[in-house]
Every structure is written in C-alpha cells, then in structure tokens.
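I have placed the structure first, in the form of structure tokens, so that the comments after it can refer back to it.
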Amino acid sequence: MLSNRTRVLLVTALAPAIWGTSYAVTTSFLPPGRPLLAALVRALPAGLVLVAVTRRLPTGAWWWRALVLGALNIGAFFALLFVAAYRLPGGVAATVGAIQPLLAAGLSAGLLGERLSIRTVIAGAAGVAGVSLLVLQADARLDLVGLAAALGGAVVMATGVVLSKRWASPAPLLATTGWQLVAGGVLLLPVALFAEGLPPASLTTGNLAGYAYLAVIGSALAYALWFRGLRALPATDVTFLGLLSPVVATTVGWLALGQSLSAAQMAGGLVVLGALVAAQTHTKSGARIRRPRTHSHPNARHLAPRS
C-alpha cells in the first residue's frame, strides 16, 4: 500500500505532467504568434469560473496576498516565460528554469525553516544537468534579455511557491486557486493587449479546443492539484516535481509529434527522474513534513508555523 505522502506526491506530480503537454497543445492547436493571449486565456477564465463556483472572495489581508501570489505564480511568471521562449531556444529556457528547485530550497530554508541538505543541493544540480541533456541543443544561441527573463521566471515562481506555503489560506483550495488565477490574469490583460493587440477575429474549432484545454485542464485542474500539494508537502519537494514538465514535453513530442529522441536525451530523462527520487526520499532520514494550518475564521491572518 502506498503511504499518504506518496499518494499526495503522485497526485501533485500530475500538475507539472499536465503542463508538459501544453507545449504540444500550443504547437498543434493555437494560432501562432499569440503567446500572451494563450497565457491570459489559461489564467483569467479559469480563475473566474473557480471564484464563481466557490462563491468565496478574499477577506482582510488575503486581498493583497492573493494579488502578490497571483502575480508571482501566474502573471509575472507567464510573462517572463514567454519572453524567454521568444528570445531563447526552448532548451536554454528550460535549463535555466530548472534551477527553480534550488532557489526554492534556499528560500524555504530562510522563510520556512526547512532544512537545506546536501542531498537536496546535489539533486537540484543533477536536475539541471538532466534537463540540459534532455532539451539543450549544441547550437543553442544565447540572448541576455532572454536569459534574464528565464532566470526571473524561475525566481518569481520559486518565491511564489514558498510564499504560498508560508501563507496558510483560510479559504477552500479551489477558492484560493481561483483568486490567484484571476489576479494573474488581470495583470496579464493589459500586457497582452499592449503587446499583441485584440484577439484574432476568427478562431477555428481547433483553436478553441486548445484554449479550452489550457484553461480547464492546464490551469483550473493543474493549479488546484499543485496548490493542494503545497498545503501538504514541503515547498522544496513540490518544486522538484516541476522537473517533470520538460520530461513529459519531450516524451509527448516524441510519441505524438514524431520528434526524434537521442540517447543523450534518454539519459537526461533518467537523470531527471533520479534527481526527483533522490529529492523526495530525504524525509526518510528524519526530516519532518510540515503541514500548514488553516483557520475557519474568514479574517484569520496567522502565518503557517515554521518548521
């Protein structure tokens, strides 16, 4: 029988696995040259639906906390991600983004009191190496603005994950997820309009299906699973699961899009999976799994206790 922790890990891992499929969906179904529109559609409609379904609005400090978390986890992250994608080869952007677990581990040590072990550092370095083997091409070009955007995306996402763990929301999971998606979508709206203009006048059935998948599966479902995992697991453990995204993206490209898969890429995938296993087994040596406190009072502002 699987332990409760293992079950939570496996369910949480579905989120980055789903995000890994978004690359193929974007390439196959969405109109070209509209990345910020895709980001906006992923965030705002899904968030509005979740808020409408849960009928729960933020109260007290959670108005600004939801805005901050939405900006970090959704708005700023999506914008920086697409800047990096436009100015860098995907392999370079993914490799730079793979430092996120190491950044989250450092922030967790300072803000959450989680122990930063040598195993975590080695697993994080191995994860970066594995992703680089998996997706980095030998002729990849470098662009300073793109590199800064990729690094900035890793920083804001790692910060958002750690703050999501530190701030224990008193609201139901779906409501908190909806707040962040709405906040991120509202911040993305003027950026998308300024950079790309109005949406295309005509969208095909395939375009609509792709947008629906990103909004319903890629955001509403995936982020709910992601934030659920953050409520139950250490922030560092959750961020390591994000390394699954390039693994799934490469696998889907190979199986569904007919892309080639070299021996080096397969080795890189195995290294990433090994790093994931190593990062998740550290709790067996005595580290505690910190569970966030939640409060029934809608105005509760207490921060989750540090480990």
_Qualifying residue, where the test is side-chain contact (heavy atoms from CB on, under 4.5 Å) with L187 and the options are I74, L67, L44_ = L67
Path from [X] to [Y] over hydrophobic side-chain contacts below 4.5 Å:
X	Y	answer
L57	L174	yes
V238	L173	yes
V128	L151	yes
L48	L193	yes
W63	V68	yes

Indicate yes or no: at least one non-hydrogen side-chain atom of [X] is less than 4.5 angstrom from one of [Y].
X	Y	answer
T176	R231	yes
L36	F194	no
V216	L221	no
P35	E196	yes
R56	V51	no
P172	T54	no
V248	T21	yes
V277	L273	no

If you round to the nearest 0.5 Å, how far is [atom2] of [Y] from [atom1] of [X]?
X	Y	atom1	atom2	answer
I217	L214	CD1	CG	10.0 Å
L181	L69	CG	CG	11.5 Å
L208	L203	CG	CG	5.5 Å
I18	L14	CD1	CG	6.0 Å
M157	L103	CE	CG	12.5 Å
T250	L133	OG1	CG	11.5 Å

Shortest non-hydrogen contact between [X] and [Y], atoms and distance:
X	Y	result
A43	S219	N-OG, 4.3 Å
V8	G229	CG1-CA, 4.4 Å
G127	A275	N-CB, 3.7 Å
L111	R166	O-NH1, 2.7 Å
P170	W62	CD-NE1, 3.2 Å
G75	L188	O-CD2, 3.6 Å

What donor-acceptor contacts under 3.5 angstrom involve side-chain atoms of residues 25-32, with partners at least two apart or in another chain?
unit_1 : atom_1 : unit_2 : atom_2 : d
T26    : OG1    : S22    : O      : 2.8
T27    : OG1    : Y23    : O      : 2.9
S28    : OG     : A24    : O      : 3.0

*Would you please name every residue forming a ring-ring contact (aromatic ring centres under 6.0 Å, His included) with W19, sequence neighbours left out?*
Y223, W226
*Pair F78-L40, side-chain contact (heavy atoms from CB on, under 4.5 Å): steps then yes or no*: CA-CA 9 Å; F78 280 177; L40 176 63; over 6 Å; no
*Check: A105 main-chain N/O paired with S108 side-chain donor or acceptor under 3.5 Å*: no
_Check: A66 main-chain N/O paired with W179 side-chain donor or acceptor under 3.5 Å_ = no
*Just jot down the salt bridge (Lys or Arg N to Asp or Glu O under 4.0 Å) partners of R228, sequence neighbours excluded, or say none.*
none
*Let me see the working for L243 and L276 under side-chain contact (heavy atoms from CB on, under 4.5 Å), right down to the final yes or no.*
CA-CA 8 Å; L243 295 175; L276 283 173; 4.3 Å; yes
*Please lay out, stage by stage, how N73 and S164 fare under the test side-chain contact (heavy atoms from CB on, under 4.5 Å).*
CA-CA 9 Å; N73 289 321; S164 296; 3.2 Å; yes
_Heavy-atom count check: over 12 atoms from other residues, nucleotides or ligands less than 6.0 Å from W254 CH2?_
no
*Would you please test L225 and T12 for side-chain contact (heavy atoms from CB on, under 4.5 Å) and show each step?*
CA-CA 5 Å; L225 296 175; T12 306; 5.9 Å; no
*Return the set of residues passing side chain to side chain contact (heavy atoms under 4.5 Å, CB included) with P45 (not counting sequence neighbours), or none when no residue passes.*
none
_Could you work out, with side chain to side chain contact (heavy atoms under 4.5 Å, CB included) as the rule, every residue matching T159, not counting sequence neighbours?_
L72, L107, V155, L163
*Examine the side chains of T239 and T236 and answer whether a donor and an acceptor come within less than 3.5 Å of each other.*
no
*Salt-bridged, K165 to D237, with N to O below 4.0 Å?*
no
*Partner set under side chain to side chain donor-acceptor pair (under 3.5 Å) for Q100, not counting sequence neighbours*: none
